Structure formats: structure tokens, C-alpha cells
Amino acid sequence: MQAQDSGNGPGRSTAVITRTRAKTKKPNLYRVLILNDDYTPMDFVVHILERFFQKDQEAATRIMLHVHNHGVGECGVYTFEVAETKVSQVMDFARQHQHPLQCVMEKK
């Protein structure tokens, strides 16, 4: 807040209070996607969805089947840093288990 003198002479000052509001911008959101391949087992993809995206068995299976049938499936929508971390975790975990699973992010 900032007070300004209106300049009405001695003894007659009025203050005008102005407030500046910072405009908060919503962060960009990113979709985390799993891509289909012919080698990663379906149960491994379900495990990924449960472990890294907190999906229950039913939701994880539904997403996995969508990936299998359509080539790609959305795991979730997150801010940039969270999406980047999830992609990295999934890719590292897949490599540790010697699966070629691909996980990517795209701006929503």
C-alpha cells in the first residue's frame, strides 16, 4: 500500500490508498503419456501406473488397455517439474527392468 497526499493545503490532507495486486499466473500443465511397444509386459505397465501415478488396479488396467489398443495413454496431468520427475522415474525404472517402455510429457 502507498499513501499519497492529495495536496489540499495545510491541515487539510486526505490520503488516497492504492493497492497493487500481483496477478498470479496459473502454471502450465503437462500430460504424462505412456507409449505402446511390442515388448513391455502389460502387468509391468499396470505396476508402473500403480507405483508412480497412484492408480488403483482397475484404473491402471484401464489405462494400460488404452495404451495397448490406441498406442498411447495419459497417466496424469501435472506441473512441469512434477511431470518431468514422473517421466524420469518411469524411464529409469523401465531401464532397470530392461523394458523399452517410453514415457513422455506434452504441454496441455
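Predicted, not measured: the structure shown is a model, and the values here were computed from it.
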Under a 3.5 Å distance rule, please check whether K55 uses its side chain to pair with a backbone N or O of C75 as donor and acceptor.
yes
With the 4.5 Å side-chain cut-off for hydrophobic clustering, are M91 and V72 part of the same group?
no
Looking at OH of Y30 and NZ of K107, how far apart are the two atoms once the value is rounded to the nearest 0.5 Å?
4.5 Å
In terms of heavy-atom contacts, does CD of Q54 have more than 12 from other residues, nucleotides or ligands at under 6.0 Å?
yes
Is the number of heavy atoms from other residues, nucleotides or ligands under 6.0 Å of Q96 CD greater than 12?
yes
Give the intermediate values and the outcome of side chain to side chain contact (heavy atoms under 4.5 Å, CB included) for residues Q57 and V46.
CA-CA 7 Å; Q57 179 81 33; V46 170; 4.0 Å; yes
Kindly give the heavy-atom pair with the smallest separation between C103 and V87, and that separation in Å.
O-CG1, 3.2 Å
Show your working on side chain to side chain contact (heavy atoms under 4.5 Å, CB included) between I63 and E74 and close with a plain yes or no.
CA-CA 7 Å; I63 294 167; E74 182 178 283; over 6 Å; no
CG of L49 to CZ of F44, rounded to nearest 0.5 Å, is 10.5 Å
May I ask you to say whether R31 pairs ionically with E106, meaning some side-chain N is under 4.0 Å from a carboxylate O?
yes
Checking K86 against Y78: charged group under 6.0 Å from the ring centre and within 45 degrees of the axis?
yes
Kindly write out the residues that satisfy side chain to side chain contact (heavy atoms under 4.5 Å, CB included) with E81, not counting sequence neighbours, or none if the list is empty.
T79
Would F93 and H99 count as a close aromatic pair, with their ring centres under 6.0 Å?
no
Any side-chain heavy atom of V67 sitting closer than 4.5 Å to one from L33?
no
Atom pair NE2/OG1 of H68 and T40 - distance to nearest 0.5 Å
12.0 Å
State yes or no: do V82 and V77 share one hydrophobic cluster built from I, L, V, M, F, W and Y residues joined by side-chain heavy-atom distances below 4.5 Å, directly or via other members?
no
Apply ring-ring contact (aromatic ring centres under 6.0 Å, His included) to F53 and list each qualifying residue two or more places apart in sequence or on a separate chain.
none
Taking atom CG of L29 and atom CE of M105, what is their separation to the nearest 0.5 Å?
10.5 Å
Is there a side chain to side chain contact (heavy atoms under 4.5 Å, CB included) between V104 and L35 once you walk through the steps?
CA-CA 8 Å; V104 297; L35 308 179; 4.3 Å; yes
Do the non-hydrogen side-chain atoms of M64 and T61 ever get within less than 4.5 Å of each other?
yes
Taking the side chain from R95 and the backbone from V90, do they hold a donor-acceptor pair closer than 3.5 Å?
no
Would a distance-only check, ignoring hydrogens and angles, find a side-chain to backbone donor-acceptor pair under 3.5 Å from H70 to H66?
yes
Heavy-atom pair with the smallest gap, counting every atom of A59 and D56:
N-OD1, 2.7 Å
Working to the nearest 0.5 angstrom, can you tell me the gap between Q89 CD and I48 CD1?
10.0 Å
